Protein chains: 4
Amino acid sequence: MTAQPTPDGRRPANRGPRAAAGNREALVAAAREIFAAHGLDAPLSAIARRAGVGQGVLYRHFPDRDAVAAAVLEENVREVEQAAAARGATPDGVLGVLTWHLAQSAAFIGLLHADGASGRFAAHAYARELSERVERALRGCLPDGHRLADPDDLMLAVAMVSGAVTGPTREGREHRALAAWRLIGVTVGPVRPFGG
Amino acid sequence: MTAQPTPDGRRPANRGPRAAAGNREALVAAAREIFAAHGLDAPLSAIARRAGVGQGVLYRHFPDRDAVAAAVLEENVREVEQAAAARGATPDGVLGVLTWHLAQSAAFIGLLHADGASGRFAAHAYARELSERVERALRGCLPDGHRLADPDDLMLAVAMVSGAVTGPTREGREHRALAAWRLIGVTVGPVRPFGG
Amino acid sequence: MTAQPTPDGRRPANRGPRAAAGNREALVAAAREIFAAHGLDAPLSAIARRAGVGQGVLYRHFPDRDAVAAAVLEENVREVEQAAAARGATPDGVLGVLTWHLAQSAAFIGLLHADGASGRFAAHAYARELSERVERALRGCLPDGHRLADPDDLMLAVAMVSGAVTGPTREGREHRALAAWRLIGVTVGPVRPFGG
Amino acid sequence: MTAQPTPDGRRPANRGPRAAAGNREALVAAAREIFAAHGLDAPLSAIARRAGVGQGVLYRHFPDRDAVAAAVLEENVREVEQAAAARGATPDGVLGVLTWHLAQSAAFIGLLHADGASGRFAAHAYARELSERVERALRGCLPDGHRLADPDDLMLAVAMVSGAVTGPTREGREHRALAAWRLIGVTVGPVRPFGG
DNA sequence: TATGAATGAGAGTTCATTCAT
DNA sequence: CATGAATGAACTCTCATTCAT
């Protein structure tokens with residue numbers, strides 16, 4: 001409780017404040033992988049370990065699990081927005097980017113589904129905000145009279161496609177995502193990350 | 001819920017082998033409620049407590065968490081099958097029963113989504129089998145040429161509707177489920193349990 | 001998060017429910033020693049270890065640190081009450097028993113001092129109740145016109161003597177306690193546990 | 001409290017060696033407040049933050065928690081000494097200053113109680129020295145034949161009054177302190193800081 | 001057979017301390 | 001000389017699982 005003498009006298013290098021930015025990025029990347037692989041309940045310690053940092057660093061950057069998840073989601077959403085804002089953006093193309101992210105990670109799916117029912121996510125409000133950003137990004141691209149012109153329908157469609165995205169392999173998830181869009185009657189462009 | 005409440009401070013009488021079946025039912029019912037309320041990660045001890053039995057009884061009936069979850073799912077699926085097998089079953093009606101279960105519990109949704117990626121369910125094979133039973137039950141009811149005549153499309157549609165079902169309230173989930181079916185172009189009958 | 005397979009296949013004997021009562025006693029005794037030696041902030045894990053039980057057992061018997069401390073205090077207070085209720089109890093004798101407990105353990109002192117200022121003890125109300133029990137026990141013994149006939153003065157005196165009781169050795173603490181009573185002008189009988 | 005608030009997002013200018021003394025003062029003042037508010041176990045980081053300096057500065061000035069606490073205590077003792085050394089000092093007046101400090105902060109009380117038994121303070125020797133300084137300061141003021149003429153009795157009395165000082169409010173603590181002095185038969189002057 | 005206490009691994013979280021900048 | 005991020009040990013608490021009764 002009181003003193004914490006250095007265990008054996010050795011202490012792994014303190015890489016200094018310079019490492020902060022890099023650490024944050026590494027944590028988000030690690031979180032994306034760990035969440036994708038083991039679900040949103042994966043131990044935070046696993047994320048810290050994968051990122052190659054101490055647990056304290058994770059807690060310095062993110063106060064809780066929600067914040068970690070939100071950071072991952074934020075990145076995904078930002079890519080969709082960028083795809084939508086890019087010159088020459090087409091509905092098909094943006095949906096392709098979105099679909100790539102949907103197929104990419106379980107975390108993305110789980111967070112869009114975050115419904116508070118599990119009592120786990122207080123980040124509900126944030127998830128909603130992100131949903132709206134996705135919706136806005138897409139809306140700007142859709143031609144008038146598009147099947148999903150109604151914003152509610154658009155987000156519902158995204159949720160539905162998310163629901164369809166299951167299975168252990170990337171390819172399988174991608175295939176199911178495309179089949180889902182087809183069932184809704186929506187055409188999707190090439191499935192790939194923005195700039196990928 | 002079924003079993004004996006602890007009388008006062010005395011150990012409740014061992015009711016002998018006759019109670020086994022009742023205990024199992026009580027456990028499944030308790031699991032359904034607990035899973036719905038607290039998610040699939042709820043403590044098993046909570047289920048046993050709610051069922052009014054000791055933890056040992058839970059382990060006697062189910063080797064692990066997956067088995068408990070599977071038993072809950074099994075009941076849901078059986079109801080859908082019964083609805084489909086009933087005289088005068090219509091596609092609309094069966095879909096209504098299915099939709100009722102989808103909207104009913106987060107657990108059902110989570111289980112249909114069980115994809116093994118989350119590392120949580122070894123019961124993947126069993127979940128697949130159940131999916132197929134749902135599909136078969138529905139298939140038998142659909143008229144030729146129905147939009148979802150393709151079995152794959154049918155199951156995909158179920159998954160998609162599951163994905164749409166989020167939110168804390170029963171009413172909201174039901175509403176979203178119906179909107180999802182509509183987006184796929186499928187008509188659904190009254191949303192209610194079989195025999196309800 | 002999910003499964004906790006037995007580490008190596010071996011598991012120390014589960015001594016069964018019979019051990020419950022003994023465990024509780026062992027925990028209280030261990031807590032008394034640990035608290036006395038390391039203060040009220042000592043790790044609960046140390047108490048469990050000293051009692052020879054797993055951490056879970058400690059939490060089964062006591063929901064939190066306060067409950068452990070309260071159990072220790074309860075025992076002390078009970079002894080004082082017994083001393084006061086015994087046939088032929090004299091003020092001097094009861095004060096001797098009380099003094100013995102004061103000199104005995106840092107925990108007793110700390111708990112009587114519990115003032116909530118440290119934010120650590122929600123058990124404030126319980127501590128107050130115990131204080132009153134001590135006061136009642138003593139009051140019953142004091143002859144009319146005794147210097148401490150006023151209940152407030154009585155408890156104040158106890159607090160003051162507690163404050164005087166410092167130092168690493170039992171003997172030193174006892175000596176200081178007696179000096180403190182003397183300074184207040186109170187005569188104390190032999191310092192020993194009730195029945196000791 | 002003294003040092004610079006971080007301007008906006010920029011690292012505050014290194015104010016050079018001149019700031020050292022000011023920082024020390026700020027740290028002691030911050031420690032007094034934090035200890036009083038959250039007890040002697042408050043995080044050191046909180047003290048540094050309250051002082052408006054980095055954690056490194058705290059470690060530059062104080063090797064460990066004990067040193068910080070000792071510095072706070074030192075200030076208190078110095079004030080008592082000053083009060084005793086002032087022209088026209090009376091026993092009553094000095095005791096009033098002492099009592100003010102006792103009622104002022106939980107930290108002061110805790111430190112006077114520091115008995116090493118809690119394992120928290122290696123600063124035992126230093127605390128003893130401070131005790132003696134308080135005793136010397138008071139002794140010089142007491143008229144011959146005073147009830148507390150014996151140095152041991154004097155320090156015992158201080159400890160006893162400290163023990164009586166509990167409760168969440170300043171007023172309550174002050175009231176109890178005065179009652180305690182009264183019980184010992186000592187008259188105390190106005191309770192206030194030296195020069196206050 | 002049912003009960004529920006015991007067990008301990010490990011997850012989450014906090015903080016003392018170091019040290020690159 | 002000051003900053004504050006990094007580090008990881010230690011602590012609290014939970015819960016899956018076993019097993020004496």
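Basis for what follows: all heavy atoms, side chains included, without hydrogens, waters or symmetry-related copies. Throughout, a chain's letter reflects where its sequence line sits, starting with A, and its residues are numbered from 1. Just so it is clear, the structure is predicted and the values come from calculations on it, not from any experiment.
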Interface with DNA chain F, restricted to residues 54-63 of chain D and to heavy atoms under 4.0 Å: G54(D), Q55(D), G56(D), V57(D), R60(D)
Smallest heavy-atom separation, R50(A) atom then A30(A) atom, equals CG-CB, 3.4 Å
Closest non-hydrogen atom pair, G54(B) against A48(B):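 Nearest pair, atom of G54(B) first, then A48(B): O-CB, 3.9 Å.
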Any donor-acceptor pair under 3.5 Å linking the side-chain atoms of R60(B) with those of N23(B)?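 The criterion, which ignores hydrogens and geometry beyond distance, is not satisfied for R60(B) and N23(B).
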Would you check if the side chain of R65(B) reaches a backbone N or O of A42(B) as a donor-acceptor pair within less than 3.5 Å? yes
Go through it in stages, so that I can follow the logic: the residues are L27(B) and V57(B), the test is side chain to side chain contact (heavy atoms under 4.5 Å, CB included), and I'd like the CA-CA distance, side-chain angles, deciding distance and then a yes or no. CA-CA 9 Å; L27(B) 281 165; V57(B) 174; 4.0 Å; yes
Protein-nucleotide distance ([X], atom [atom1]; [N], atom [atom2]), rounded to Å:
X: D41(B); N: dG12(E); atom1: CG; atom2: C1'; answer: 15 Å
X: R24(A); N: dA5(F); atom1: CZ; atom2: P; answer: 13 Å
X: L27(D); N: dT3(F); atom1: CG; atom2: P; answer: 10 Å
X: I47(C); N: dC11(F); atom1: CD1; atom2: C1'; answer: 13 Å
X: R49(C); N: dT12(F); atom1: CZ; atom2: C1'; answer: 13 Å
X: L40(C); N: dT12(F); atom1: CG; atom2: P; answer: 12 Å

Watson-Crick and G-U pairing of DNA chain E written in dot-bracket, each distance under 3.5 angstrom, with | for inter-strand partners: .||||||||||||||||||||
Any idea which of dT3(F), dA6(F), dA16(F) is nearest the V53(D) side chain?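 The nucleotide sitting nearest to the side chain is dT3(F).
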Dump the intermediate steps for side chain to side chain contact (heavy atoms under 4.5 Å, CB included) on I47(C) and F35(C), then the final yes or no. CA-CA 9 Å; I47(C) 295 175; F35(C) 282 155; 3.9 Å; yes
Can you sort out the partners of Q55(D) under side chain to side chain donor-acceptor pair (under 3.5 Å), two or more places apart, ordered by chain and number? none
May I ask you to evaluate whether N23(C) reaches the phosphate of dA5(E), defined as a side-chain N or O under 4.0 Å from OP1 or OP2? no
Whichever of G52(A) and L44(B) has the more 5' nearest nucleotide on DNA chain F, that residue is G52(A)
Might you work through the side chain to side chain contact (heavy atoms under 4.5 Å, CB included) test for Y59(B) and L44(B), ending with a clear yes or no? CA-CA 10 Å; Y59(B) 278 89; L44(B) 294 186; 3.7 Å; yes
Applying side chain to side chain contact (heavy atoms under 4.5 Å, CB included) to V28(D) and F62(D), what does each step give before you reach the verdict? CA-CA 10 Å; V28(D) 173; F62(D) 308 101; 3.9 Å; yes
